[in-house]
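Below, chain A is the first sequence line, B the second, and so on; all start at residue 1.
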Amino acid sequence: VYAYNAIISGFVANNLYNEGFKLYLHMRCHGVPPDKFTFPCAIKGCSDVLEVKKINGLLFKFGLELDLFVGSALVNCYLKFGCVDDAYQLFDELPVRDVVLWNAMINGYMHIGEFGMALEVFKRMSDCMVVPNNFTTTGVLSALAMSADLDNGHAIHGFVIKRGYDSVVAVSNALIDMYGNCKCIDEAVRIFELITEKDIFSWNTVIGVNEQTGDHQGTIEFFRRMLDSGVRPD
RNA sequence: UGGCGUUA
């Protein structure tokens, strides 16, 4: 089982979802019992909801129905396929909810365009004394960017500074996107300039934000700086 | 050997 897990995990980590899932089926065919390491990867490898439900039904047999890692993978997968009710029911049944599980709910709602629900879950999470991490923060900021919600965006920005997440590139990138979509171009660019290690997301986002203003010269200038910085355009 | 995040 250890060997199967290692290879399945390798496949899904490299986006070879079908290969990963096929290997999971292969191990089942050969009577190798899967464990709590197998399922999160196998779930990620599922390409349709029926396979996910099949695995979900199997969990009881292995006593893994309350495993947080398996549960998070399921919640994530259900929301990816738009099965909000299944995801919520699972979330509700898990007795212990860690930050990753909350994140899976928030980002799942975001993924299907339910920005209001994403924000609701975020608030509930804080009520439950679970501290949002930088994954949570990037997800919520992205939801606020999509809904151009500057008020909540400002509030989250304050939280980001309080917790020191402003040193995390992905968080800064999400802030740039949020301010950009809220038409606060100067603030977006200010945050961009503060990033010490600008990545491909930083450049793409700031270029997109700047271009919205119709300032083509500025956009070209950002692009030139991007090339100079050694980040390859994609 | 395991689950969640930012642009397009």
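Legend: residues meeting ring-ring contact (aromatic ring centres under 6.0 Å, His included) with A/F135, ordered by chain and number and at least two apart, are absent. With sequence neighbours left out, A/F223 forms a ring-ring contact (aromatic ring centres under 6.0 Å, His included) with no residue at all. Residues satisfying the ring-ring contact (aromatic ring centres under 6.0 Å, His included) criterion with A/F21, sequence neighbours excluded, are A/Y24. Under the rule for a ring-ring contact (aromatic ring centres under 6.0 Å, His included), the partners of A/H30 that lie at least two apart in sequence or sit in another chain are A/H26.
Sorted by first then second residue, the side-chain hydrogen bond (donor to acceptor under 3.5 Å, both in side chains) pairs that include residues 139-151 of chain A, not counting sequence neighbours, are A/D149-A/N152. A side-chain hydrogen bond (donor to acceptor under 3.5 Å, both in side chains) check over residues 155-165 of chain A, counting only residues at least two apart or in different chains, returns the pairs A/H157-A/Y179, A/R163-A/Y165. Pairs of residues two or more places apart, or lying in two chains, that qualify as side-chain hydrogen bond (donor to acceptor under 3.5 Å, both in side chains) and include a residue from residues 107-124 of chain A are A/Y88-A/R124.
A/F69 does not carry A/K36 over the face of its six-membered ring by the limits of under 6.0 Å from the centre and within 45° of the normal.
For the contact set between residues 82-90 of chain A and RNA chain B, defined by any heavy atom under 4.0 Å, there are no members.
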Using distance only, find each side-chain donor-acceptor pair of residues 73-85 of chain A under 3.5 Å and give its atom names and separation, not counting sequence neighbours.
from  : atom 1 : to    : atom 2 : distance (Å)
A/Y78 : OH     : A/N56 : ND2    : 2.8

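Cluster note: A/V12 groups with A/Y17 through ILVMFWY side-chain heavy atoms spaced under 4.5 Å, whether in direct contact or through intervening members.
A/D35 comes within 4.0 angstrom of nothing in the nucleic acid, heavy atoms only.
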With sugar-phosphate taken as primed atoms, P, OP1 and OP2 and all else as base, the protein-contact string of nucleotides 3-8 of chain B at under 4.0 Å (heavy atoms; B, S, -) is BBBBB-

A correct dot-bracket answer for RNA chain B, with pairs being Watson-Crick or G-U at under 3.5 Å, [ ] for crossing pairs and | for inter-strand pairs, is ........

